[in-house]
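What follows is a single structure, written as structure tokens, with notes after it.
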Amino acid sequence: MAFNLTHQLGALAGTPIKSGEMTAPSAESSLSVSPPSARMPISMNMNYTSNRNVSPPMSPVLGSRRADLSVACKAFAVETVEEQRTYKEGGIGGEKGKGGVPVFVMIPLDSVTIGNTVNRRKAMRASLQALKSAGVEGIMIDVWWGLVEREAPGAYNWGGYNELLEMAKKVGLKVQAVMSFHQCGGNVGDSVTIPLPQWVVEEVDKDPDLAYTDQWGRRNHEHISLGADTLPVLKGRTPVQCYSDFMRAFRDNFKHLLGDTIVEIQVGMGPAGELRYPSYPEQDGHEVPRDWSLPVLRQDSLSSLKAAAEAYGKPEWGGTGPTDAGHYNNWPEDTQFFKKEDGGWNTEYGDFFLTWYSQMLLDHGERILSSAKSIFQDTGVKISVKVAGIHWHYGTRSHAPELTAGYYNTRFRDGYLPIAQMLARHNAIFNFTCIEMRDHEQPQDALCAPEKLVNQVALATLAAEVPLAGENALPRYEDYAHEQILKASALSFDQNSEGENREMCAFTYLRMNPELFKADNWGKFVGFVKKMGEGRDSDRCREEVEREAEHFVHVTQPLVQEAAVALTH
């Protein structure tokens with residue numbers, strides 16, 4: 001499997017279904033994965049001032065089958081026999097004592113058009129029917145800030161989402177609604193470009209430091225810098241106030257669906273909707289994955305670092321961050337800050353800076369979650385947050401890619417427990433990615449370890465008593481990936497000499513697209529959903545479940561083909 005950046009995990013779009021077409025995607029529209037890179041770039045430099053020539057001090061160093069959407073119509077002939085699970089305290093589950101992990105499916109990123117209508121309406125309706133018939137619990141929908149509040153501050157247009165959510169309700173699918181406060185486009189797999197609201201873009205043009213910026217002056221416009229969270233820089237409102245007003249307007253407009261059809265609100269926290277810094281964006285024509293530089297948090301955020309340094313008794317550490325962390329194309333061992341022996345990350349200074357840097361991200365999460373919790377309390381919905389599965393260089397001591405993203409996780413420190421504890425304080429679900437990946441599938445020279453990472457995160461959520469949900473990182477349709485998801489969704493842990501088992505509260509499958517509806521892929525997917533629904537404690541053998549799935553796919557095929565002809569005309 002080709003190596004890919006983890007920000008694909010929650011942001012990959014399916015192949016677009018062109019209007020009026022039900023045929024295989026063209027070569028131009030097919031999903032592609034970049035070949036493995038020979039070198040994994042890293043840079044962690046910072047420059048907080050507008051003068052890009054200022055050189056901050058060095059850190060102290062101490063030591064092919066035809067695509068066939070016809071299967072999307074089978075629900076017109078067959079009703080699902082799966083019982084619909086409901087959200088319960090602590091996560092999603094079925095009847096008391098009954099295992100099983102409900103499966104949601106992400107719908108295409110461009111399901112609502114720039115004109116706020118449902119895209120490919122006929123295909124969407126048929127596809128939702130198919131998912132329902134397969135026993136899928138629900139769908140995940142990106143509710144784009146850049147579409148809904150596009151024209152003017154406080155002017156919300158829910159048109160396309162009103163229709164789409166009513167479709168889901170009519171079919172009987174639950175909905176995970178993502179409050180997408182980031183830009184769509186620029187990440188691998190993004191099938192459409194949806195910028196931030198036009199009036200927000202205008203404010204960023206006036207004040208470029210509202211965007212994250214690297215030491216070379218390159219701006220990242222995926223998300224407003226968290227350093228501006230509490231500043232009234234968006235037409236008199238702070239970014240957090242804008243996010244809160246958006247969520248409140250969503251609640252008021254869809255209050256009749258909350259807790260019944262809409263069962264989860266995933267709160268966007270940063271690039272690709274994830275709680276992280278934009279440390280590895282896909283932009284500027286680069287062909288290799290990158291660990292980018294530490295982004296600028298605005299000059300006013302520097303006062304926080306300065307105050308922290310003074311309180312620590314090292315005021316000289318408050319001017320900037322480390323500048324000896326290398327460039328885009330460096331490996332950890334090529335840099336002074338990330339090297340294994342005597343690296344700056346493992347010094348007193350490194351611990352001070354990384355603690356401050358990661359705490360800024362946690363504070364950002366606290367601010368938005370506090371607001372989301374108050375807005376959606378007593379509505380019957382669960383709140384969730386997505387955390388990136390940054391598995392490359394996980395086998396090194398410094399875990400450089402995780403550090404630059406804001407996760408202070410090293411060989412000697414658990415960086416996911418503080419995140420889990422923060423989510424637990426707000427009764428939020430910890431949503432994690434790369435669940436389908438295996439260690440040996442990744443480039444060994446990059447020391448990738450997604451399985452070990454998933455295990456660490458699962459242990460952290462267990463310790464913090466916060467529900468864990470999962471997603472796959474890349475589109476995978478084969479049984480091999482499905483088996484890994486099944487395994488990861490019901491991990492076993494040993495604590496105090498006693499084994500403790502816990503299933504994920506939900507799994508969200510990436511993504512609904514023409515590839516999913518190919519005959520072979522669809523058959524495997526139906527079987528996968530049934531196995532996930534059976535749960536860890538099922539007394540039925542897997543072969544029996546697989547035979548049921550095969551029978552389901554087979555007996556409905558004639559009616560499916562007939563419905564497909566109608567859809568293509």
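A side-chain donor from one of Tyr416 and Glu402 sits under 3.5 Å from a side-chain acceptor of the other. With hydrogens and angles left out, the side-chain atoms of Arg411 and Thr396 include no donor and acceptor closer than 3.5 Å. Side-chain contact check for Asp142 and Ser180: at least one donor-acceptor pair (N or O, by modelled atom type) lies under 3.5 Å. Checked by atom type, the side-chain pair Thr508/Gln176 shows a donor-acceptor distance below 3.5 Å. Between the side chains of Glu471 and Thr433, not a single donor N or O lies within less than 3.5 Å of an accepting N or O.
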**Message:** Working note: Glu163 + Arg121, criterion salt bridge (charged side-chain N to carboxylate O under 4.0 Å, His left out); need CA distance, chi angles, decisive distance, verdict.
**Reply:** CA-CA 10 Å; Glu163 184 179 358; Arg121 183 179 289 105; 2.4 Å; yes
**Message:** Walk me through whether Lys169 and Asp260 qualify under salt bridge (charged side-chain N to carboxylate O under 4.0 Å, His left out).
**Reply:** CA-CA 9 Å; Lys169 177 183 178 181; Asp260 182 15; 5.8 Å; no
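The two residues Ile368 and Gly268 have their closest heavy-atom pair at CD1-O, 4.2 Å.
Salt bridge annotation for Arg476-Glu515: absent, with no cationic side-chain nitrogen under 4.0 angstrom from a carboxylate oxygen. The residues Asp110 and Arg120 are annotated as salt-bridged, a charged nitrogen and a carboxylate oxygen being separated by less than 4.0 angstrom. For Glu534 and Lys531, the salt-bridge test fails: no basic side-chain N is under 4.0 Å from an acidic carboxylate O.
Using the six-membered ring where Trp is involved, Trp145 and Phe181 have ring planes that are perpendicular, over 60° apart on the 30 and 60° scheme. Taking the six-membered ring where tryptophan is involved, the planes of Phe525 and Phe528 are tilted, since the angle between them lies from 30° to 60°. Ring pair Trp158/Tyr161 is perpendicular by interplanar angle, where above 60° counts as perpendicular and below 30° as parallel. Relative orientation of the Phe376 and Phe250 rings is perpendicular, given thresholds of 30° and 60° on the angle between their planes.
In this structure a side-chain-to-backbone donor-acceptor pair under 3.5 Å is present from Glu436 to Ala473. Distance alone, capped at 3.5 Å, is enough to place a donor-acceptor pair between the Gln444 side chain and the Gln442 backbone. One N or O on the side chain of Glu451 and one on the backbone of Asp439 form a donor-acceptor pair closer than 3.5 Å.
Within a 6.0 Å sphere centred on NZ of Lys373, heavy atoms belonging to other residues, nucleotides or ligands number more than 12.
Figure legend: cation-pi geometry between Arg438 and Tyr480, with NZ or CZ positioned under 6.0 Å from the six-membered ring centre and within 45° of its axis.
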